[in-house]
Structure formats: C-alpha cells, structure tokens
Participant: 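My questions all concern the structure below.
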Amino acid sequence: MKQILDAILAGDSAAVGGLDVPDHYRGITVHADETGMFEGLETKEKDPRKSLHLDDVPTPELGPGEALVAVMASAINYNTVWTSIFEPVSTFSFLKRYGKLSPLTARHDLPYHVVGSDLAGVVLRTGPGVNAWKPGDEVVAHCLSVELESPDGHNDTMLDSEQRIWGFETNFGGLAEIALVKSNQLMPKPAHLTWEEAASPGLVNSTAYRQLVSANGANMKQGDVVLVWGASGGLGSYATQFALNGGAIPVCVVSSPEKAEICRAMGAELIIDRNAEGYRFWSDPTTQDPKEWKRFGARIRELTGGDDPDIVFEHPGRETFGASTYVARRGGTIVTCASTSGYMHEYDNRYLWMNLKRIIGSHFANYREAWEANRLIAKGMVHPTLSRVYALEETAQAAYDVHRNLHQGKVGVLTLAPSEGLGVRDEELRAQHLEAINRFRDK
C-alpha cells in the first residue's frame with residue numbers, strides 16, 4: 001500500500017498498474033454480531049462511535065465489469081449514520097439478500113460491512129470487460145449499483161429491480177483504503193479539486209440533481225420558486241446551488257444565523273431561520289398544527305412577493321412534510337428523498353388532491369444524472385460544500401457529528417491521503433473558484 005501511495009503522491013499514478021495489490025487493507029466496518037447493541041435506545045441516543053470500527057480486512061476478488069480503487073478520500077453521508085445505528089434495519093439484511101443473487105455477489109455477504117458511498121482515488125485494477133478505465137486513472141465514484149438483467153432499468157437505471165446503493169446495500173465501500181466498485185460507477189475526478197473536495201459531492205450532489213433538475217424529479221425551470229429545507233446542509237447546499245445556477249429562486253430554510261450566512265455566500269437572498277422565527281409544526285408528538293403551516297406559508301409569500309413555491313425540496317420527512325404539502329403552490333411539486341426526521345409522513349390530503357399538487361419520490365440518480373452532476377462540478381459551475389475533514393481513524397467521530405447535526409455541508413474523511421490539499425491538477429481553474437470552494441470550510 002505504501003508503494004501505491006508513494007506513486008500517487010509522486011504524480012505517477014500510471015505506475016500503480018505495475019504494483020501488487022495488497023491482500024489486506026484498512027476499512028471502516030460495522031459487525032454483524034453487534035446489530036443489537038442499541039436495542040431499547042431512542043435514535044438520538046445511538047452512538048456511531050460504539051459501532052464503527054477500523055479493521056484490517058481482506059481485499060475482495062475482482063470480478064467482470066468491476067474495478068479496485070485506491071481511495072484517497074471519502075465522505076460521510078446519512079446512510080453511513082443509518083448503517084452505524086442499524087436503522088431502519090441492519091444493513092446485513094441487504095448484504096445477505098445480495099449475496100444470494102449469484103456466486104459473484106456472494107462475496108458481499110460477510111460478518112462485517114465495509115461502509116461508505118463516496119470516494120476519490122486512483123484505479124488499481126479493472127476486471128474483464130472493462131475498457132473505459134485503466135489503472136492510474138484518477139476518478140470519483142457515484143454510488144449506484146445495478147445489474148440490468150431485467151427490462152425494468154433500461155429506461156432509467158434507478159428502476160432496475162436489482163438497484164442498490166454501493167457501500168450501504170453492498171459491501172466494500174469507500175470509507176477504506178481500497179474500494180470495490182462496478183466500472184460504470186466511475187467518473188473523472190474534477191482536476192481543480194483536492195482529493196477530499198472531490199470525494200465530498202458524489203452522493204448528495206447527484207441526489208440533488210435528480211431530485212430537483214432532472215425530468216425524473218421536479219424538472220426545475222428558470223423562474224421557479226424552490227423551497228429548500230436544510231439549505232446549508234449536505235443535500236440542501238447543492239439544491240441551493242442548482243436553483244441559483246438554473247435561474248430559479250431558492251427560498252432557503254435554515255436553523256441558525258450562521259447557516260443563513262452560508263446561504264447568502266452561495267448567492268441566495270430569500271432565507272427563513274426557522275428557529276429564530278419559532279416555527280413549531282407539531283403541537284405534540286402526534287398532532288400537527290395547521291396554523292403554523294399557514295404562518296410559514298405567509299412568510300414565504302412575504303419574501304417572494306406573493307408567490308408560493310413551485311417546488312418543495314423535501315428531505316427532513318416527518319417533521320416538515322405536512323407543512324411542505326400545504327405551502328406548495330396549486331399544481332406544484334413536493335419532491336422527497338430520505339427522511340432524516342422520520343419515515344412516517346403525515347399531511348392533509350385535501351391540500352394535495354384539491355389543489356392538484358404532486359408528490360414525487362426521488363432516490364439517488366442514474367448514471368447519466370450522476371455524470372451530468374459531476375460535470376458541473378468539474379466545470380466549476382457547482383462547488384463542493386466540504387466543511388471539515390477527519391482522518392480515517394476518526395471516522396466514527398465524524399459520523400457522530402453528522403448524526404447529531406453538528407456539521408455544515410459535507411464532512412470529509414482522508415483515507416490514503418496523508419494530508420489535506422493534495423491532488424490538484426488544474427491550478428488555474430482552482431484559482432478562479434477558490435473562494436467558492438472554501439466557503440463552507442471550518443463552519
């Protein structure tokens with residue numbers, strides 16, 4: 001591994017193809033025999049620092065259409081948090097089901113799960129049938145894993161009956177020194193970014209693109225008013241950028257003055273600090289308060305000059321979904337992914353059906369959408385929202401911080417990279433966008 005890293009750091013990435021691939025590598029894991037460790041605890045009380053381990057694990061066999069990647073950096077997503085607290089179910093159920101698909105996928109059904117759904121790194125080896133990538137290529141990876149053996153996914157790969165999220169529903173993820181991916185997960189690393197910056201957009205950037213921009217999502221157009229929940233967070237920060245970049249009008253919902261300032265730095269002007277304005281959409285744990293929906297809607301109209309949102313960018317879930325459905329304009333769209341505050345959504349259907357609104361479910365992105373989202377990053381039109389970087393040994397603390405919402409934007413993890421700031425190949429483009437690249441740092 002040291003020889004591989006030395007070649008990469010020396011700028012001779014192509015040399016890695018002639019080096020031996022290690023039999024073992026270090027990766028962040030959860031263990032199957034610990035899935036009951038948090039039983040009886042509330043979600044917020046479950047501590048990823050107790051369940052995430054840094055282990056030495058065997059390098060998996062390389063199969064057809066696959067690649068092994070030396071991972072220089074990765075990032076934390078909510079799916080890593082969910083994996084670490086074994087909610088809503090243990091991911092070992094995903095691995096067991098995947099392992100039954102074929103002799104090749106049986107590799108994934110192990111008593112440990114190497115997690116992580118983002119990476120930036122260098123291709124080490126490619127399996128039979130891989131022609132678009134070669135050892136030494138600097139890459140990032142999106143997290144869509146598909147088999148495409150049924151007809152369902154051939155119009156939109158997200159509809160494949162065997163669609164999975166790599167590093168969450170499959171093994172050998174990106175929070176490790178080596179990762180196993182399908183070659184069609186690979187995309188060129190943006191040349192003006194460091195390893196840790198390039199690793200941070202993958203999952204959330206592609207998710208926001210499909211959810212907001214794609215015809216498979218809200219199909220945003222110029223002039224649309226877009227309500228963005230958590231607008232300075234890992235997902236919302238990209239939605240805010242896509243809205244601004246695409247000529248829409250974001251209304252950014254945040255929870256502190258500091259987060260409001262980050263939105264202003266991105267170029268947003270219409271901002272609601274929900275804590276400062278005291279919105280309480282639930283009068284008790286089982287009862288929503290429609291008066292608060294109406295007060296919230298009135299505030300949006302005040303900011304927009306009387307317009308309701310054409311699109312509501314939803315991801316908090318249970319806590320906000322009733323309000324989201326209410327405030328969307330007549331004929332508007334509520335597009336939802338994830339549910340960080342709870343999966344059981346409640347809303348008043350009268351406001352949906354009588355006002356001809358639509359709810360669209362959106363999940364990650366297909367390869368084309370992920371490629372387009374990465375292309376915008378590579379061209380400097382959308383920027384990473386990396387705020388803080390941890391060492392691989394500190395991954396459990398990083399996941400804890402995300403679980404407790406102690407972060408802004410995205411939290412990165414150095415895997416093989418020995419320090420921050422490495423991997424930049426286009427200094428000229430970087431200089432043009434340095435302020436935007438760094439606007440989330442240390443927030």
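Note that the coordinates shown come from a computational prediction; the quantities given were computed from them, not determined experimentally. Just so you know, these numbers use all the heavy atoms, side chains as well, and skip hydrogens, waters and symmetry mates.
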Participant: More than 12 heavy atoms of other residues, nucleotides or ligands under 6.0 Å from CG of Asn349: is that the case?
Facilitator: yes

Participant: Sort out for me which residue in Ile76, Val389, Leu119 forms a side-chain contact (heavy atoms from CB on, under 4.5 Å) with Val413.
Facilitator: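 The option that passes is Ile76.
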
Participant: Could you check if a side-chain atom of Val71 sits within less than 4.5 angstrom of a side-chain atom of Tyr25, using non-hydrogen atoms only?
Facilitator: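 No; the side chains remain at least 4.5 Å from each other.
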
Participant: Identify the residue among Thr105, Leu110, Asn171 that makes a side-chain contact (heavy atoms from CB on, under 4.5 Å) with Leu95.
Facilitator: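 For Leu95, the side-chain contact (heavy atoms from CB on, under 4.5 Å) test succeeds with only one of Thr105, Leu110, Asn171, which is Asn171.
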
Participant: Contact between His345 and Thr336 at the side-chain level, heavy atoms closer than 4.5 Å - yes or no?
Facilitator: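 Yes, side chains in contact.
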
Participant: Filter on salt bridge (charged side-chain N to carboxylate O under 4.0 Å, His left out), then keep only pairs touching residues 200-213, sequence neighbours left out; what's left?
Facilitator: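 Found Asp156-Arg210, Arg210-Glu369.
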
Participant: Less than 4.5 Å apart, any side-chain heavy atom of Ile271 and any of Lys259?
Facilitator: no

Participant: Grab the two heavy atoms, one from Ser362 and one from Val335, that are nearest each other, plus how far apart they are.
Facilitator: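 So the two residues come closest at CB-CG2, 4.0 Å.
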
Participant: Indicate yes or no: does Arg26 engage Glu177 in a salt bridge with an N to O separation below 4.0 Å.
Facilitator: yes

Participant: Tell me yes or no: between the side chains of Thr35 and Ser90, is some donor less than 3.5 Å from an acceptor?
Facilitator: no

Participant: Scan residues 168-206 for pairs that pass ring pair (Phe, Tyr, Trp, His ring centres under 6.0 Å), counting only residues two or more places apart or in two chains.
Facilitator: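 For residues 168-206, and leaving out neighbouring residues, the ring pair (Phe, Tyr, Trp, His ring centres under 6.0 Å) pairs sorted by first residue read Phe94-Phe168, His108-Phe172.
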
Participant: Looking at side-chain heavy atoms only, is the closest gap between Phe313 and Cys337 below 4.5 Å?
Facilitator: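 Not in contact.
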
Participant: What's the spacing between Asp47 CG and Gln397 CD if we round to 0.5 Å?
Facilitator: 8.0 Å

Participant: Ring-plane angle category for Tyr367 and Trp371, please: parallel below 30°, perpendicular beyond 60°, tilted otherwise.
Facilitator: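 Correct class here is perpendicular.
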
Participant: May I ask you to decide if Lys134's main-chain N or O and Asp137's side chain share a donor-acceptor pair within less than 3.5 Å?
Facilitator: yes

Participant: When the side chains of residues 198-206 are checked against the rest of the protein, which donor-acceptor pairs come out under 3.5 Å, sequence neighbours left out?
Facilitator:
| residue | atom | partner | partner atom | Å |
| --- | --- | --- | --- | --- |
| Ser200 | OG | Glu197 | O | 2.9 |
| Asn205 | ND2 | Ala373 | O | 3.1 |
| Ser206 | OG | Gly202 | O | 3.0 |

Participant: Looking at Ala120, is its backbone amide N or carbonyl O close enough to the side chain of Lys189 to form a donor-acceptor pair, meaning the two atoms are under 3.5 Å apart?
Facilitator: no

Participant: Sub-3.5 Å donor-acceptor pair from the side chain of Lys410 to the main-chain atoms of Ala75, do we have one?
Facilitator: no

Participant: Among all residues two or more places apart in sequence or in another chain, which pass the side chain to side chain contact (heavy atoms under 4.5 Å, CB included) test with Pro316?
Facilitator: Trp229, Glu314, Thr320, Thr340, Ser341

Participant: Side chains of Ser117 and Asn77 only: does a donor on one sit below 3.5 Å from an acceptor on the other?
Facilitator: no

Participant: What distance separates Met187 CE from Gln185 CD, expressed to the nearest 0.5 Å?
Facilitator: 9.5 Å

Participant: Measuring from atom CG of Asp348 to atom CD of Gln288, what distance do you get when rounded to the nearest 0.5 angstrom?
Facilitator: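 The CG atom of Asp348 sits 9.0 Å away from the CD atom of Gln288.
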
Participant: Determine the sole option in Glu147, Arg164, Glu169 for which the side chain to side chain donor-acceptor pair (under 3.5 Å) test with Tyr98 is passed.
Facilitator: Glu147

Participant: Fit a plane to each ring of Phe92 and His113, take the angle between them on a 0 to 90° scale, and name the class: parallel (under 30°), tilted (30 to 60°) or perpendicular (over 60°).
Facilitator: perpendicular

Participant: Is the shortest distance from a Lys or Arg side-chain nitrogen in Glu319 or Arg274 to a carboxylate oxygen in the other one below 4.0 Å?
Facilitator: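 Judged by the 4.0 Å cut-off on N to carboxylate O distance, Glu319 and Arg274 do form a salt bridge.
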
Participant: If the threshold is 4.0 Å, N to carboxylate O, is there a salt bridge linking Lys46 and Glu87?
Facilitator: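 Salt bridge: yes.
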
Participant: So do the side chains of Val312 and Thr333 get within less than 4.5 Å of each other, counting heavy atoms only?
Facilitator: no

Participant: Considering non-hydrogen atoms only, spot the tightest contact between Ala265 and Arg439 and give its length.
Facilitator: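 So the two residues come closest at O-NH1, 3.7 Å.
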
Participant: Please tell me if the side chains of Pro22 and Ile4 come closer than 4.5 Å, counting only heavy atoms from C-beta onward.
Facilitator: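 Result yes, sub-4.5 Å side-chain heavy-atom pair found.
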
Participant: Could you check Asp55, Leu52, Val115, Leu54 and say which one makes a side-chain contact (heavy atoms from CB on, under 4.5 Å) with Thr29?
Facilitator: Asp55

Participant: Decide side-chain contact (heavy atoms from CB on, under 4.5 Å) for Ile377 and Leu193; before the verdict, give the C-alpha distance in whole Å, the side-chain angles of both, and the deciding distance to 0.1 Å.
Facilitator: CA-CA 9 Å; Ile377 296 281; Leu193 299 181; 3.7 Å; yes

Participant: For Ser145 and Thr170, does a side-chain donor sit closer than 3.5 Å to a side-chain acceptor?
Facilitator: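 There is no such pair between these side chains.
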
Participant: Going by the side-chain hydrogen bond (donor to acceptor under 3.5 Å, both in side chains) test, which pairs reach into residues 412-421, not counting sequence neighbours?
Facilitator: Glu420-Arg441

Participant: Is there side-chain contact between Leu159 and Gln163, with at least one heavy-atom pair below 4.5 Å?
Facilitator: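 Side-chain contact under 4.5 Å: no.
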
Participant: For the pair Asn275 (side chain) and Ser256 (backbone), establish whether a donor and an acceptor sit closer than 3.5 Å, ignoring hydrogens and angles.
Facilitator: no

Participant: Do Glu34 and His53 have side-chain atoms, one donor and one acceptor, less than 3.5 Å apart?
Facilitator: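 Present: a donor and an acceptor within the cut-off.
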
Participant: Quick one: do Glu61 and Arg107 satisfy salt bridge (Lys or Arg N to Asp or Glu O under 4.0 Å)? Show the steps, please.
Facilitator: CA-CA 8 Å; Glu61 173 192 356; Arg107 296 167 300 164; 5.3 Å; no

Participant: Determine the minimum heavy-atom distance between Ser161 and Asp152, stating which atoms define it.
Facilitator: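 Result for this residue pair: CB-OD2, 4.0 Å.
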
Participant: Do Glu162 and Leu101 touch side chain to side chain, with heavy atoms closer than 4.5 Å?
Facilitator: yes

Participant: Around Asp284, counting heavy atoms of other residues, nucleotides and ligands shown, do more than 12 lie under 6.0 Å from its CG?
Facilitator: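 Count over threshold, so yes.
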
Participant: Identify the heavy atoms of Val114 and Gly27 that sit nearest to each other, and give their distance.
Facilitator: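 Between these two residues, the closest heavy atoms are CG1-CA, 4.3 Å.
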
Participant: Just grab all the ring pair (Phe, Tyr, Trp, His ring centres under 6.0 Å) pairs involving residues 71-91, residues at least two apart or on different chains.
Facilitator: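 Not a single pair qualifies under ring pair (Phe, Tyr, Trp, His ring centres under 6.0 Å).
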
Participant: Enter the distance from His142:NE2 to Asn374:CG here, rounded to the nearest 0.5 Å.
Facilitator: 9.5 Å

Participant: Between Lys291 and Asp289, does any side-chain N to carboxylate O distance fall below 4.0 Å?
Facilitator: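 Asp289 and Lys291: not salt-bridged.
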
Participant: Find the distance between CG (Asp273) and SG (Cys252) and round it off to the nearest 0.5 Å.
Facilitator: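 Rounded to the nearest 0.5 Å, the CG-SG separation comes out at 12.0 Å.
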
Participant: Could you measure the distance from the NZ atom of Lys44 to the CG atom of Leu41? Nearest 0.5 Å is fine.
Facilitator: 14.5 Å

Participant: Quick one, Phe440 with His383, criterion side-chain contact (heavy atoms from CB on, under 4.5 Å). Give me CA distance, side-chain angles, the key distance, then yes/no.
Facilitator: CA-CA 10 Å; Phe440 277 71; His383 304 287; over 6 Å; no

Participant: Can we call the ring centroids of Phe296 and Tyr326 under 6.0 Å apart?
Facilitator: no

